Amino acid sequence: MAFDLSHLNPEQRDAASHFEGPLLVLAGAGSGKTRVLTTRIAWLVEEMGVDPGSILALTFTNKAAGEMRDRVRKSLGREPTGMWIGTFHSIGVRILRRDAQRLGYSPGFSVYDADDADGLTKRIIRDTLQLDPKKWTPRSVHGAISSAKNELTGPDAYAERALDPFEKVVAQVYPLYQKALRDANAFDFDDLLVKPVQLFRDNPHVLRRYAGRFRFVLVDEYQDTNRAQYVFLRQMAEEHRNLFVVGDDDQSIYGWRGADIRNILDFEKDFPDARVVKLEQNYRSTQTILEAANRVIEQNVHRKGKTLRTDHVGGERITLVEAADEADESQWIAEEIRGRLADSPSLALRNFVVLYRTNSQSRSVEEALRRERMAYRVIGGTRFYERREVKDALAYLRLVANPAADEAFLRIVNVPRRGIGDTTVTRLAEHAAARGIPLLAAAEQAAAIDGIRGGAAKALPELAALIRKYAALASTGGMRLDVLLRELVMESGLVDALRAEGDEGKDRIENLEELVNGAAEVQRRLEEEDPELMMEMEAAGEDESARPLDVFLGHVALVADIDQHDPQADAVSMMTLHNAKGLEFPFVFIAGLEDGLFPLTRAYDEPADLEEERRLFYVGVTRAERKLYLTHAKRRRRGAQFMDSTPSPFLESVPQDLTEARRTARVLERSAYSQPWKSSGAYTTRRERLFGGSPSWKAPASTASRGGGGDDETYQVDYSDSQDLPSMRKGSRVRHPSFGAGTVMELTGHGSEVKAAIEFDNVGRKTVVLKYANLEPEWE
DNA sequence: TCAACTGCTCTTTTT
DNA sequence: GAGCAGTTGA
């Protein structure tokens, strides 16, 4: 019986049943490219009798990899045993786990995250090179190194090309940085892409092993590949040439991290025997939405050029919303969702998504949804593993897995406090550097190091002994991973220290419990021999192999969404536009369509950047199946200051006959009476009542000439951002999250920098910056 | 020498 | 609010 391809249209079928040779699928948004990818995999296995173990499928996010694996499993009706499906980074880890010894690493290596990498860069700039880390910020230096690595430019080649002073500094740091990583038995994110390429280049027989095994290579979101990824693919496919890539140049939004749009534009040049299939039929959106999307992307010059078609006709108009400020905008969105739900009982919260350019925009939307008592989940933003206590616990664990991981050691050496300060650490680092040993090893000898005395001389060997003890436990495999982690956070004193922090510490302890649950999950999957995880256990080395601990840490480093594991939950989704790629929702709100925010101001410097912002907008528009809302606010707080905003120029490219314009009640009211100080809205009104009404302080006259004028400034503080900066006056009773209840004694400053001197009932007088203090009215 | 405190700066997007 | 540098008191 022939494999059934009847669920595909002719172009899709053409692509999915392509057997050998390079193929580029130029797939528009919503054209079913994921379906084509998974169908091709199933077709190869079922119809052509290809061994699943010879298929390698690469994606950019873990989410996409997980979905692809699920779909393949479903369409095969069984586990695709031996097939490798994963992100470029996770595949890199797998390869390195097996073959890192050839690069001088051991399989228990660490993966340094961005913080670790910045920290290491900083130490090199400050301590080794004795340069000023303020002048040469670790972030930008590491960014330059990262870019160089992604272009496969090594330290020597970089140094030859370094011209300006900044590049000269980078050229000094770069080789030291690479050496420090190797000494720490650690890879950074970029290494996970670059090191396999080096490995293959220097060991042709290793490449032959992989290329010989994976006869079919598939890549999703090919437009996002950078130079290193491109070379990796070329290495893998050079001989068999079965490279199947799917992408959309119009959705290239990762230029800033090295994605090279030329990889897709020049695919036919690079692979002259390549076939190209275009998928221009869109199955996702209404005609209205699609027409708008086409108009938007037409404005870009650098593109292959596709025009999406749909069989859907008509569709609801796109709603453009003008709001007074971000709180008003968020409130409007929340109420619109409520209204939609009330109109159609078949709709659920999960049918709605709010998209924005920057993570910080999520806050006001969250507040509005909370107020309306609607469930929501925020994708991205402050991730679980980025939380302080989680990073601390993981640092302990990483040190246990890899005693050479100096960044982990530095993180926890005085957490919880054990009386080890900067001076002690510096002495320790000097000792370690002189002997070429890791910090942890130096800590064992602390008592013998000049200048380390007293408490530190005792605490350091104790810490080292603790780590050694758990390292031994991890190696024998006698203790379950989750049990090990639990005991480690207890015995290290981490939990006790958090307990002493009070309410906030309680939340943090809960997060640690969550982490222990994550460890238990990995342990369980390994015990059940989950094929996906088992693959990482089979390291190539004979004497050393990966342990559950290594597998867990590898996952934590690469999998961002340990804490948002519930795709079925009925909740409104919120995420950045970058995170939205590949997803679809019936109802989509794109918030913050203001000049300077979206597109960001800095994008105006480079035409290419502006085109990338426009592609980002295009990605957002094409997420919508049924209805699209584009909202903007006339005024928004950005960082420490307020900005009057004009609508995004992107809105001009959306044809008027496809849209309807709306204004929030607050905007209407204000323009009707033109009395901006008479702000309305239930929430503000409640605040006004609570705080006794009229504003009781003014911007000092001296600031009146700044920005929009003095009146404006006062108005901003008192009303328009009342949710962030409650209106108050001398004598108001307030509650501070850590200081408790108190009475406002004095108000100084202006604009967003208003400070309040507060006499707290328990802790006395403190001065707080209103913007950050998170004060609540005290209910009495 | 260290912990606690003050004051200052910072906020694009992500593996 | 967080991270960091600089200061102060113990």
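Quantities reported herein were computed from a predicted structural model and do not represent experimental measurements. Each chain gets a letter, A, B and so on, in the order the sequences are listed, and its residues count up from 1.
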A.B. asks: Give, for atom OG of A/S330 and atom CD of A/E367, the distance between the pair rounded to the nearest 0.5 Å.
C.D. replies: 8.0 Å
A.B. asks: Send over the distance from A/H142 NE2 to B/dT15 C1', rounded to a whole Å.
C.D. replies: 12 Å
A.B. asks: Pick the nucleotide of DNA chain B nearest each of A/T61 and A/D422; which residue has the one closer to the 5' end?
C.D. replies: A/D422
A.B. asks: Taking the side chain of A/R417 as its heavy atoms from C-beta onward, which of B/dT13, B/dT1, B/dA4 lies nearest to it?
C.D. replies: B/dA4
A.B. asks: Under 4.0 Å, heavy atoms only, any strand: does A/N579 hit a base, just the sugar-phosphate, or nothing?
C.D. replies: sugar-phosphate
A.B. asks: Under 4.0 Å, counting only non-hydrogen atoms across every strand here, what does A/K122 touch: a base, just sugar-phosphate, or nothing?
C.D. replies: sugar-phosphate
A.B. asks: Side chain of A/T576 only, please: which of B/dT14, B/dT15, C/dC4 is the nearest?
C.D. replies: B/dT14
A.B. asks: Could you tell me which residues satisfy side chain to side chain donor-acceptor pair (under 3.5 Å) with A/D406, sequence neighbours excluded, listed by chain and number?
C.D. replies: none
A.B. asks: Select one nucleotide: of C/dA2, B/dT14, B/dA3, the one nearest the side-chain heavy atoms of A/R508.
C.D. replies: C/dA2
A.B. asks: Looking only at side-chain atoms of A/R357, point me to the closest of C/dA5, B/dT15, B/dT12.
C.D. replies: B/dT12
A.B. asks: Show your reasoning for whether ring pair (Phe, Tyr, Trp, His ring centres under 6.0 Å) applies to A/F650 and A/F598.
C.D. replies: CA-CA 8 Å; A/F650 292 161; A/F598 192 25; 5.4 Å; yes
A.B. asks: A/N359 has a side chain; which of B/dT12, C/dA5, B/dT14 sits nearest to it?
C.D. replies: B/dT14
A.B. asks: Would you jot down, in residue-number order, the residues of residues 606-619 of chain A having a non-hydrogen atom under 4.0 Å from DNA chain B?
C.D. replies: none
A.B. asks: Listed by chain and number, what are the side chain to side chain donor-acceptor pair (under 3.5 Å) partners of A/D496, not counting sequence neighbours?
C.D. replies: A/R499
A.B. asks: CG of A/N414 versus P of B/dA3: gap in Å, rounded?
C.D. replies: 5 Å
A.B. asks: Using the closest heavy atom to pick a nucleotide of DNA chain B for each, name whichever of A/D190 or A/R418 lands nearer the 5' end.
C.D. replies: A/R418
A.B. asks: Taking the C1' atom of each, how far is C/dC4 from B/dT12, in whole Å?
C.D. replies: 22 Å
A.B. asks: Can you tell me if A/N226 touches the phosphate of B/dT15, counting only side-chain N or O atoms and a distance under 4.0 Å to OP1 or OP2?
C.D. replies: no
A.B. asks: Atom CD1 of A/I379 to atom P of B/dT14: distance rounded to whole Å?
C.D. replies: 12 Å
A.B. asks: Take atom CZ of A/R363 and atom C1' of B/dT11, then tell me their distance rounded to the nearest Å.
C.D. replies: 13 Å
A.B. asks: Categorize A/F60 for me: base, sugar-phosphate, or nothing, with a 4.0 angstrom heavy-atom threshold over every strand shown.
C.D. replies: sugar-phosphate
A.B. asks: Going by the rule ring pair (Phe, Tyr, Trp, His ring centres under 6.0 Å), which residues pair with A/F409 if we only count those two or more places apart in sequence or in a different chain?
C.D. replies: none
A.B. asks: For the side chain of A/H578, starting at C-beta, report the closest nucleotide among B/dA3, B/dT13, B/dC2.
C.D. replies: B/dT13
A.B. asks: Give the rounded distance in Å between these two atoms: CG of A/L583 and P of B/dT14.
C.D. replies: 13 Å
A.B. asks: Using side chain to side chain contact (heavy atoms under 4.5 Å, CB included) as the criterion, point out the one residue from A/R623, A/M574, A/M575 that pairs with A/V353.
C.D. replies: A/M575
A.B. asks: To the nearest Å, give me how far apart CE (A/M575) and P (B/dT15) are.
C.D. replies: 12 Å
A.B. asks: What is the distance, to the nearest angstrom, from the CD1 atom on A/I420 to the P atom on B/dC2?
C.D. replies: 8 Å
A.B. asks: Identify which nucleotide among B/dT15, C/dC4, B/dT1 has an atom closest to any side-chain atom of A/R427, counting heavy atoms from C-beta outward.
C.D. replies: B/dT1
A.B. asks: Without decimals, in angstroms, what is the distance between A/Q229 CD and B/dT14 P?
C.D. replies: 17 Å
A.B. asks: Can you name the side-chain contact (heavy atoms from CB on, under 4.5 Å) partners of A/I449, sequence neighbours left out?
C.D. replies: A/L428, A/H431, A/I452
A.B. asks: So what does A/T423 touch, heavy atoms closer than 4.0 Å: a base, only the sugar-phosphate, or nothing?
C.D. replies: sugar-phosphate
A.B. asks: Using 30° and 60° as the class limits, which term best fits the ring planes of A/Y177 and A/H142: parallel, tilted or perpendicular?
C.D. replies: tilted
A.B. asks: Go through B/dT1, B/dT11, C/dA5 for me and flag the one nearest to the A/T424 side chain.
C.D. replies: B/dT1
A.B. asks: State which residues pass ring pair (Phe, Tyr, Trp, His ring centres under 6.0 Å) with A/H578; sequence neighbours excluded, sorted by chain then number.
C.D. replies: A/Y254, A/W256
